[in-house]
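All remarks here apply to the structure that follows.
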Amino acid sequence: MTRHCLLIPFFSLGLVFAQDAPPAPKATDFKGVTLKKRAPVSSEVLKVKFPKPVESKLKNGVELLVLEDHRSPTIQVTIDMPASNLNDPAELAGIGDAAAAMPRLGTKTKDSRQIAETIAELGAGIGFGVGDRNASVRFSTLTENLDAVIDLVMDMLFNPTFPQDELDKWKNQQLSQLLQVRTIPGFLATERFQAVLYPGDNRSLVLPSPDSIKKIDREHLIAYFNENFRPEGGRVTVMGDINTRQITPKLEKIFANWKGSAPKPPQLPVNGAIAEKKIYLIDRPNSVQTTLYVGNHAINRMSPDYIAVQVMNQILGSGPASRLFRNIREDKGYTYGISSGFSASYYYNHFVSSTNVRTEVTGPAIEELLKEFRDIRDRTVPADELADAKRALVANFALSTESPATALRNAVTVKEYGFPVDYWDTYPEKISAVTSPDVQRVAQKYIPVDNIQIVAVGDATKIRDVLTKFGPIEDWDAEGHKVNK
């Protein structure tokens with residue numbers, strides 16, 4: 001997947017902000033780079049096996065996965081609890097982020113400054129968050145400071161005071177940054193793209209509105225925190241310089257008097273592709289560039305087409321060897337970068353290609369992009385290009401096996417989606433088994449042409465006329481309001 005294009009630090013774990021869109025194009029210069037058409041892959045890569053975490057359960061039934069890694073004296077712990085910011089009331093959008101911020105801003109024993117100083121002294125990291133499937137508590141520490149960090153985490157988890165003055169500061173910061181973010185074309189494109197694909201529920205929200213931030217009060221936060229940070233049905237993952245026998249009693253200390261369950265994540269439809277093509281034009285006067293997001297609904301993570309789609313996208317829009325990059329960046333020089341990718345999770349199922357192009361080449365850039373979309377749908381991928389793509393994917397996968405964090409994350413993915421226990425062990429083989437007909441089949445199924453959804457952010461007076469040839473236009477302003485034409 002995916003994921004994600006523009007990072008807004010003040011909403012790191014809350015409402016989705018482009019977390020499933022491909023990264024925003026950056027000014028990467030690949031001139032002078034020679035494509036050798038081969039990556040360093042041996043047949044042994046096909047037999048790679050990830051290290052497996054040791055699995056057990058705590059006394060309260062919470063799953064525990066521990067992956068030992070003694071190369072450095074550090075430990076990382078994540079406590080995930082079934083909860084979801086997709087359950088949040090729309091009028092209080094952002095409340096999950098506010099609730100997650102508060103434990104660091106005051107407890108019954110420490111104020112925000114004392115908490116920050118203690119974390120710094122311990123060389124630790126502590127974070128709370130609410131995502132679309134879990135509320136989380138994450139902490140990292142030096143091995144020698146584990147007990148002290150756990151005590152601090154417990155204080156923050158069980159004794160937050162939600163100080164009014166800190167809440168007021170937090171809200172003022174969010175309101176200020178919400179104003180700033182509307183100057184960023186990538187945000188405006190993401191906001192409209194999400195709203196187009198996921199209308200009617202919280203998946204459509206990229207960031208909360210100023211009105212929703214203003215409505216959050218201390219009583220809301222206390223109720224939200226107490227309701228969502230509950231351990232039943234949860235999972236703990238541990239990675240680092242410790243084993244299961246050592247960490248279990250320390251975790252039992254956290255869970256000893258911590259009980260209850262949060263509201264379950266919602267059941268939301270995973271919609272099929274939008275049938276009719278449409279252009280969403282967001283006017284940004286005097287802009288010298290047009291930001292484009294182009295796509296439609298595609299697959300979710302459980303789709304049997306997932307691996308074939310990864311191979312297809314490696315050819316189409318992943319990296320400097322992809323067709324989109326070589327055509328629109330290298331050959332035509334319309335942009336510094338262009339990419340495509342699939343968001344594939346429980347709740348998100350879309351394909352999107354994104355780029356920034358000079359205003360005067362908005363029309364030609366879209367034409368070239370659609371040409372590449374049609375080509376991968378209509379023409380069988382040459383054998384050498386397919387082999388290069390699969391080789392690159394397998395090589396990247398082989399490199400990822402060196403990371404314990406990846407191994408642990410992959411183990412969680414297997415559990416989250418109910419995949420076979422050997423899913424990752426056989427992943428290179430499954431990539432290698434993808435054929436040219438497979439690539440063409442999934443391209444025809446998931447790469448939009450006649451039903452494409454285009455979001456364009458730029459100077460409407462200069463690009464509106466050229467956009468009309470690609471479909472009917474709906475106009476919006478930079479404040480997120482529809483404009484009647």
Do Ser84 and Asp132 have a side chain donor and acceptor closer than 3.5 Å? no
Which heavy atom of Val206 sits nearest a heavy atom of Gln194, and at what distance? CG2-CG, 3.6 Å
Could you tell me whether Arg374 and Asp378 make a salt bridge, using a distance below 4.0 angstrom between a side-chain N and a carboxylate O? no
Do you know which two heavy atoms are closest between Ala93 and Ile216, and how far apart they sit? O-CD1, 4.2 Å
For Phe225, check ring pair (Phe, Tyr, Trp, His ring centres under 6.0 Å) against everything at least two apart and list the hits. Phe162, Phe229
Asp283 side chain near Trp476 side chain, heavy-atom distance below 4.5 Å: no
Work out which heavy atom in Ser212 is nearest to a heavy atom in Ala90; give both atom names and the distance. CB-O, 4.2 Å
Which residues pass the salt bridge (charged side-chain N to carboxylate O under 4.0 Å, His left out) test with Asp305, not counting sequence neighbours? Arg441, Lys445
Regarding Arg301 and the six-membered ring of Tyr306, is the cationic atom NZ or CZ under 6.0 Å from the ring centre and inside 45° of its axis? yes
Distance-only side-chain donor-acceptor flag, Thr291 / Asn356, under 3.5 Å: yes
Do Leu467 and Leu281 touch side chain to side chain, with heavy atoms closer than 4.5 Å? yes
When rounded to the nearest 0.5 angstrom, what distance separates CG in Leu399 from OG1 in Thr406? 10.5 Å
With sequence neighbours excluded, residues passing salt bridge (charged side-chain N to carboxylate O under 4.0 Å, His left out) with Lys278: Glu474
Going by an N to O cut-off under 4.0 Å, is there a salt bridge joining Glu360 and Lys462? no
Looking only at the aromatic ring of each residue, does the gap between the centers of Phe351 and Phe342 stay below 6.0 angstrom? yes
Is the closest side-chain heavy-atom distance between Ile115 and Met156 below 4.5 Å? yes
Validation row: Tyr293, Val457 side chains within 4.5 angstrom (heavy atoms): no
In terms of side-chain heavy atoms, does Gln76 have a donor or acceptor partner in Ser140 at a distance below 3.5 Å? no
Return the CE to CG distance between Met239 and Leu408, rounded to the nearest 0.5 Å. 7.0 Å
Glu385: what forms a salt bridge (charged side-chain N to carboxylate O under 4.0 Å, His left out) with it, not counting sequence neighbours? Arg323, Arg326
Below 4.5 Å, heavy atoms only, C-beta onward: do Leu188 and Arg182 meet side chain to side chain? yes
Angle class for the Phe419/Tyr423 ring planes (parallel below 30°, perpendicular above 60°, tilted otherwise)? parallel
Residues Arg133, Glu416: salt bridge by 4.0 Å N-O rule: yes
Got a salt bridge between Asp475 and Arg464, using NZ or NE/NH1/NH2 to carboxylate O under 4.0 Å? yes
Closest approach of Val449 and Arg377, non-hydrogen atoms and distance? CG2-CD, 3.6 Å
Distance-only polar pair, side chains of His350 and Tyr198, donor-acceptor under 3.5 Å: yes
Which atom of Ser343 lies closest to which atom of Tyr348, heavy atoms considered: OG-CB, 3.0 Å
Kindly indicate whether the side chain of Tyr446, heavy atoms from C-beta on, has any atom under 4.5 Å from the side chain of Ser303. yes
If you compare all heavy atoms of Thr435 against all heavy atoms of Leu386, which two are closest, and at what distance to 0.1 Å? C-CD2, 3.8 Å
Could you go through residues 263-276 and list every donor-acceptor pair under 3.5 Å that involves a side-chain atom there, pairing it with any protein atom two or more places apart or in another chain?
none

For Asp459 and Thr461, run side-chain hydrogen bond (donor to acceptor under 3.5 Å, both in side chains): C-alpha distance rounded to whole Å, both residues' side-chain angles, the deciding distance at 0.1 Å, then the answer. CA-CA 6 Å; Asp459 190 331; Thr461 63; 2.6 Å; yes
Trace of the side chain to side chain contact (heavy atoms under 4.5 Å, CB included) decision for Tyr427 with Val394: CA-CA 8 Å; Tyr427 190 69; Val394 172; over 6 Å; no
Would Ile447 and Met312 count as a side chain to side chain contact (heavy atoms under 4.5 Å, CB included) here? Give the steps. CA-CA 10 Å; Ile447 300 301; Met312 183 270 292; 3.6 Å; yes
Counting C-beta onward and ignoring hydrogens, is there a side-chain heavy-atom pair between Thr359 and Ile463 closer than 4.5 Å? yes
If you measure from CD1 on Ile307 to CG on Asp438, what distance do you get to the nearest 0.5 Å? 11.0 Å
I'd like to know if the side chain of Asp88 pairs up with that of Tyr224 as donor and acceptor (distance under 3.5 Å, no hydrogens or angles considered). yes
Does a donor on one side chain and an acceptor on the other come within less than 3.5 Å for Ser340 and Ser353? no
Aromatic contact between Tyr346 and Tyr417, with the criterion being ring centroids under 6.0 Å apart: yes or no? yes
List the steps, then state whether side chain to side chain contact (heavy atoms under 4.5 Å, CB included) holds for Glu372 with Leu316. CA-CA 8 Å; Glu372 296 298 344; Leu316 177 64; 4.3 Å; yes
Is there a donor-acceptor pair under 3.5 Å between the side chain of Asn228 and the backbone N or O of Ala262? no
Basic-acidic side-chain contact under 4.0 Å: Asp388, Arg391: yes
Of all residues at least two apart in sequence or in a different chain, which pass the salt bridge (charged side-chain N to carboxylate O under 4.0 Å, His left out) check with Lys371? Glu368
Going by side-chain contact (heavy atoms from CB on, under 4.5 Å), Thr290 matches just one of Val466, Ile282, Val361, Thr362. Which one? Thr362
Looking only at atom types and distance, does a side-chain atom of Arg138 sit under 3.5 Å from a main-chain N or O of Val77, one as donor and one as acceptor? no
Before giving the answer on side-chain hydrogen bond (donor to acceptor under 3.5 Å, both in side chains), spell out for Glu166 and Ser112 the whole-Å C-alpha distance, their side-chain angles and the decisive distance to 0.1 Å. CA-CA 8 Å; Glu166 295 288 358; Ser112 60; 2.7 Å; yes
Between His297 and Gln453, is any pair of side-chain heavy atoms under 4.5 Å apart? no
Expected output: side-chain Lys215 to main-chain Leu92 donor-acceptor under 3.5 Å: no
When you look at Leu157 and Phe128, which way does the side chain to side chain contact (heavy atoms under 4.5 Å, CB included) test go after all the steps? CA-CA 9 Å; Leu157 181 60; Phe128 290 67; 3.8 Å; yes
To the nearest 0.5 Å, atom OG of Ser176 lies from atom NZ of Lys171 at 15.0 Å
Side chains of Thr355 and Thr335, donor plus acceptor under 3.5 Å: yes
Using a 6.0 Å distance limit plus a 45 degree cone around the ring axis, check whether Arg358 lies over the aromatic ring of Tyr334. no
Under 3.5 Å, is there a donor-acceptor pair between the Asn134 and Ser136 side chains? no
To the nearest 0.5 Å, what is the distance between CZ on Phe397 and CH2 on Trp424? 6.5 Å
Interatomic distance, Ser400 atom OG to Asn410 atom CG [nearest 0.5 angstrom]: 6.5 Å
